[in-house]
Structure formats: structure tokens, C-alpha cells
Amino acid sequence: MEQTTRHKKPKLRRELTLFQLVIIGVVGALGNGALFGTVGMVAVAGPGAIIGFVFGGIIYTTVGFTFMELSRVHPEAGGPTRYSLYTHGRLTNLMNSLADLTWYIFIPPIEAVSIVAGLQYFYPVLLTHSGYPTVLGSLVGLALLLAFVPFNYFGVRRFGNSTKYLGIVKLVFYLAMSMGLIFLVFNWHNLSGYKGGLLPYGPIGILLAMPLAMYDFGGIRVIPDMAEEAKKPQIIPKAVILTVIIETLIYISIAFSVLLSVNWHALGITPGDYHALGTYSSGVNPFFVLAHSNNLEIIFIIAVVAGLLAPFVTGYIYLGSGTRILFAMGRSGFVGNAFKRLHSKYEIPIWSLVAFAVVGAFIVLVSAPLPSIYHLIDYAVDAGYLGFMTNPAALMVSRRQGVTKKEHRSPGMAVLAPVAMGLASLIIFWDGWVSLVYSLEIMIGGTIIFGVISWFATGKEKMNWANGAWYILYIVFMLVIVGISTDGLFKVISFVDGTVITFIVTIAVFYPFAVLSGLKERYKHDEYTESVRKELTQSQSAQ
């Protein structure tokens, strides 16, 4: 698979432009989940789903500010999986890494099976009546997942170019689908003409819709993962903020298209019964339903193309960015050195790519004999939100250590950093008990396994337990607060009270705890940090 060369040591290539990074961030988020998720939001919030997407954009903007600064300080491949190593040491970073890995490892198989679900509309032998892949469906999903590999194998330049062109096509179909429904139907009465008006289920409906909105915005995370392959590190902050803005506008347009195109009578639903709308389109691409109910065959055709292309592009983007996560873990010494090995010709993390593809293929294959695994997958990707929690503290600790240069600092972070941490906590709280438990089962189990192996493999390297205590206690707190809320086991406090308590405690207790727990000086290790920083310096000076 690899070709040898005597001329130079392979290095990640700086090829990605600002435009390519924005396309990667935007279209990476626009899978079929954005379509199903929007209908799910409308089902619990009605027209309030629009407000939910605006709120989601605000939340991810604050999180994005942490990526913007830290990606300039540490412009590394899989950077968000490495930031906390420099500021809090190995234990915090290992847990952070496993949270990130859990997020990424499941998304490519999810998107492959999502394509299978779209094909089920035309070939009703790919899914069971319960919605799980049949043996044939899992084989088709396997073929699709393996088709993600070539887009990542032949180098980052081809990855960037193919994503640019496919991404533009994907965006055109997405916008044609949503804007077509808006202008061809435009049932404005659906926006506020029924009982409850804009908020038929009250403000709490917006909060209940937020977990779905949060999943849709995850695309900004892939941008700092590709920081080491950007033409210039300073374009990363621009790509992050542009991605959030564009995503927010697209999601608002999708929410408008769903609301304005609902033909209640054609669907046999009582006008204004948004809960029933969610049930009606369950398991079926909602835009298929909306197009047929309004006799718009052209929109149906566009929706078919978008419904198949969207998860394919998302799947291979996450396969590529997930590869950088495993590569970053190799650099940190948590997995074998093979995972940080680059292909001598194409200069991509070859064995990390192979490992991600193999694990993804296995997950797709076992989805037929073990369909319950998809319950685990759907919930476990929420572990990625736990990974967000380290960023605000890492940002402030990096400043205190004197590592962050003045020109790399984002303004207002003394206020925005704790707010970002508090809002990121709300994402975890809103996702509920089952999601948190499944995520932690994988995250903690992986932390123990990888921690023990790496501890012995690295000569019992110091784990910085004291610096990571805040993270452990924070997880305990989240288990308690979610467990006693209305979505938990004991239902002691209301959903609203839990939201308020989570936000206040995170800002008032765990944010300062995390910042004070940071290392006084940047974590240094000849192999895990200093060799990486030397490579980055050489790479940037060569530009």
C-alpha cells in the first residue's frame, strides 16, 4: 500500500484553501440528519424551530471562538484532540481524545446506512419493518462506506477539490429543495396562524428541540481538525465563523421550507398538529412527503438526489477528519506509532484511514445480525459534546502559560470562554440520560483500555491526575443533574430548572476549577509535543 522514498520524510501537505475549508465545514454538517432533525424540531417546537436554529447558531458561535483561537496556537491535524494535552496533561487529554474518537468513529457508518434508508424508498428490501438494515442492506452499506475511502486516500489536494465540487452540487440541490418548497407552496398561515402562534408548545418546545439542532451544527469541528493541511493557519478562524453563519442560514431556510410547505389536508393531519407531523414522516425522508403532498414532482426528484448525495459527502468528510483524530492520538502516544505514519506518496495518515474504514465496515456489517447496535450508535455520538468541554479552559490556561501570542487572541474571551463552556454543558444536558450514559460507557471504557496500554507502552508516563480531577468531577455532576431531571431516572427537577442549574454550576464552579487545574507551564515531551511543534515550525517556515 505504501511506496518508499529515500528523498524526504513525508509530511502533511498544506493544500486546503479558505473556500475549501468552508465547503468542508458546511457540507460536512448537511447530512440527512439535517432534514429529519428539522422535522423533529418542528414536531416539538412548531414554528419555534426557527428560533431554535438561531439559538443553535449562537451556541456554536461561542464554541467556535475557542476553536478560532486554539487552532492558531496549535495548528495541528486533529488539533481539538490535542489542545488539552498542552494545558492539562495526559489524563484530561486521554478522556478528551476518547470523547472525540467516539463522535467520529460512528458517523461514517451512520451516513452509509442513511443512504441505504434513502434507497429503501425505491427498493423496499434493504431495511426491516423496524427500520434496521437487512443482510442485503448491510452489504450495500458496506459498499458505500468503502466508497468513502478513495476520496481520502489520494491526498488532501484531491480531497479538497472533490469536496469543493461535490459540495457545491450538494448545496445547490439542498437550496433548490428548500427554496423551491418555500416559493412554490408558501402556506404562510403555518407560521403563526394556529393555536399558540409562533410557539404552540411554549418556550420549552424550543429547549426540547435543541438536541437536534446541536447535532446539525457539528460541521465546524472538522475545520480545526484539518488545520495542519490549510494553506495558512490564519484562515482557520475565518473558515470557522463563516461556516457557522452559513449553516445557520441554511438550517433556517430548511425550517421555513418545512413549515411553509405542510399541506395538512393532503397529509390527513389536523391543521396545527405539529406532533402528528413528526410521527407521519418518521423513517421517511420528510421532503419526499412534502413534495408528494403538494404534487411537486420536480422537488421530489431534487430531494432524491439531495437525500443520496448529502450523506455520502458527509460520510467521507468525517472519515477523513476522523482519521486525523486517530493520527493525533498516535502523536500523543495513546495508540501505536503506526497510526501517525504517513503515506510516502499521498502524505495522508494511511493506517489511521485504514483503521477507521475497517471499524466502520464492521459496524455496518453487524447492523443486520445485531440491529440494536444502532441505538448505541445514535446515542454514543453525543460523546463529542463532552470533548467540547475542555476547550474554554484550555484557551485560558494557554494564555496564562504565555503560549498564546497577542496576535492570536480572540477579543472578549474572558467573558465568552465561560459562556461557551456553560452553553456546551447545556448541549449535554439537553441530549438526556440515555445519550449521556451510552456516551460515557464507551468513553470511560476506552479511556481505561487505552490508558493502561499507553501507560505501560510509554514507560509509565505521568498521567497528571490532579490536573484532570475537574473533568472527572464534571462528568459526575452531569450524571447527577441529568439523572434527577425529567429525562433522567428520578425526575426530581424540571427540564427548565435543570437547564438553569447546569448553566450556572458549569460557569460558577467547573469553569474556574478547570482553569485553575491547568498546568503552570505547557506540557512538554520530546516525542509527544516537541517533535510535533518542530514539524509545524518547519512546515510554516516553508510556506
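Fair warning: this is a prediction, and the values are worked out from it, not measured in the lab.
Taken from CD1 in Ile317 to CD1 in Ile107, the straight-line distance is 11.0 Å, to the nearest 0.5 Å. To the nearest 0.5 Å, atoms CG (Leu21) and NZ (Lys231) are separated by 11.0 Å. Here the straight-line distance linking atom OG of Ser138 with atom CG of Leu145 works out to 12.0 Å at 0.5 Å rounding. The OG atom of Ser257 sits 5.5 Å away from atom CG of Leu181, with the distance rounded to the nearest 0.5 Å. Expressed to the nearest 0.5 Å, how far CE of Met389 lies from OH of Tyr471 amounts to 8.0 Å. Rounding to the nearest 0.5 Å gives a distance of 8.0 Å between CG of Leu342 and CD1 of Ile348.
Residues Phe122 and Val304 form a side-chain contact, since some pair of their non-hydrogen atoms from C-beta on lies under 4.5 Å apart. The closest side-chain heavy-atom distance from Thr38 to Phe53 is below 4.5 Å. Counting heavy atoms from C-beta outward, Leu12 and Pro349 have side chains that approach closer than 4.5 Å. Side-chain contact between Leu166 and Phe151: present, with at least one pair of heavy atoms (C-beta onward) separated by less than 4.5 Å. Looking only at side-chain heavy atoms (C-beta outward), Phe106 and Ile442 come within less than 4.5 Å of each other. Side-chain contact between Ser398 and Tyr83 is absent, with no heavy atoms from C-beta onward closer than 4.5 Å. Side-chain contact between Tyr385 and Ser439: absent, with no pair of heavy atoms (C-beta onward) separated by less than 4.5 Å. The shortest distance between side-chain heavy atoms of Gln234 and Arg72 falls below 4.5 Å.
When all heavy atoms are compared, the tightest approach of Thr390 to Asn96 is OG1-OD1, 3.0 Å. Taking every heavy atom of both residues into account, Pro286 and Val39 meet most closely at CB-CG2, 3.2 Å. Annotation for Pro224 and Ile236: closest pair CA-CG2, 4.4 Å, computed over non-hydrogen atoms. In this structure, Pro108 and Tyr104 approach most closely via the heavy-atom pair CD-O, 3.0 Å. Closest approach of Thr243 and Val26 over heavy atoms only: CG2-N, 3.8 Å. Nearest heavy-atom pair across Ala255 and Ile50 is CB-CG1, 3.9 Å.
No more than 12 heavy-atom neighbours from other residues, nucleotides or ligands sit within 6.0 angstrom of OH on Tyr123. Counting heavy atoms of neighbouring residues, nucleotides and ligands inside a 6.0 Å radius, atom CZ of Arg157 does not exceed 12 of them.
Here the rule is side chain to side chain contact (heavy atoms under 4.5 Å, CB included) with Leu139, and of Leu365, Leu126, Val364 only Leu365 fits it. Partner of Tyr60 under the ring-ring contact (aromatic ring centres under 6.0 Å, His included) criterion, chosen from Phe217, Phe55, Tyr251: Phe217. The only member of Phe159, Tyr346, Phe148 that meets ring-ring contact (aromatic ring centres under 6.0 Å, His included) when paired with Tyr153 is Tyr346.
For Glu228 and Arg331, the salt-bridge test passes: some basic side-chain N is under 4.0 Å from an acidic carboxylate O.
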Counting only pairs under 3.5 Å, give me each side-chain donor-acceptor contact of residues 422-432, with atom names and distances, residues two or more places apart or in other chains.
from, atom 1, to, atom 2, distance (Å)
Ser425, OG, Tyr474, OH, 2.5
Ser425, OG, Thr506, OG1, 2.9
Trp430, NE1, Thr499, OG1, 3.2

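Counting only residues at least two apart or in different chains, side chain to side chain donor-acceptor pair (under 3.5 Å) contacts with residues 299-320 comprise Thr163-Tyr316, Lys170-Thr314.
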* To do: Determine, stepwise, if the pair Val532 / Arg82 fulfils side chain to side chain contact (heavy atoms under 4.5 Å, CB included).
  => CA-CA 11 Å; Val532 176; Arg82 297 256 304 166; 3.6 Å; yes
* **Check against side chain to side chain contact (heavy atoms under 4.5 Å, CB included), Leu386 and Leu440** => CA-CA 9 Å; Leu386 288 165; Leu440 288 176; 3.6 Å; yes
* Asked: side chain to side chain contact (heavy atoms under 4.5 Å, CB included) between Phe65 and Val419: does it pass, once the steps are laid out?
  -> CA-CA 11 Å; Phe65 274 118; Val419 170; over 6 Å; no
* **Evaluation steps, side chain to side chain contact (heavy atoms under 4.5 Å, CB included), between Glu229 and Glu15** => CA-CA 6 Å; Glu229 291 155 287; Glu15 300 281 0; over 6 Å; no
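When atom types are taken as modelled, the side chain of Gln20 and the backbone of Lys164 share no donor-acceptor pair closer than 3.5 angstrom. Here the side chain of Asn93 pairs no donor or acceptor atom with the backbone of His88 at under 3.5 angstrom. At least one donor-acceptor pair closer than 3.5 Å links the side chain of Glu69 to the backbone N or O of Ser410.
Residues passing the ring-ring contact (aromatic ring centres under 6.0 Å, His included) test with Tyr174: none are found, sequence neighbours excluded.
The aromatic rings of His74 and Tyr86 sit parallel, their planes meeting at an angle under 30°, below the 60° perpendicular limit.
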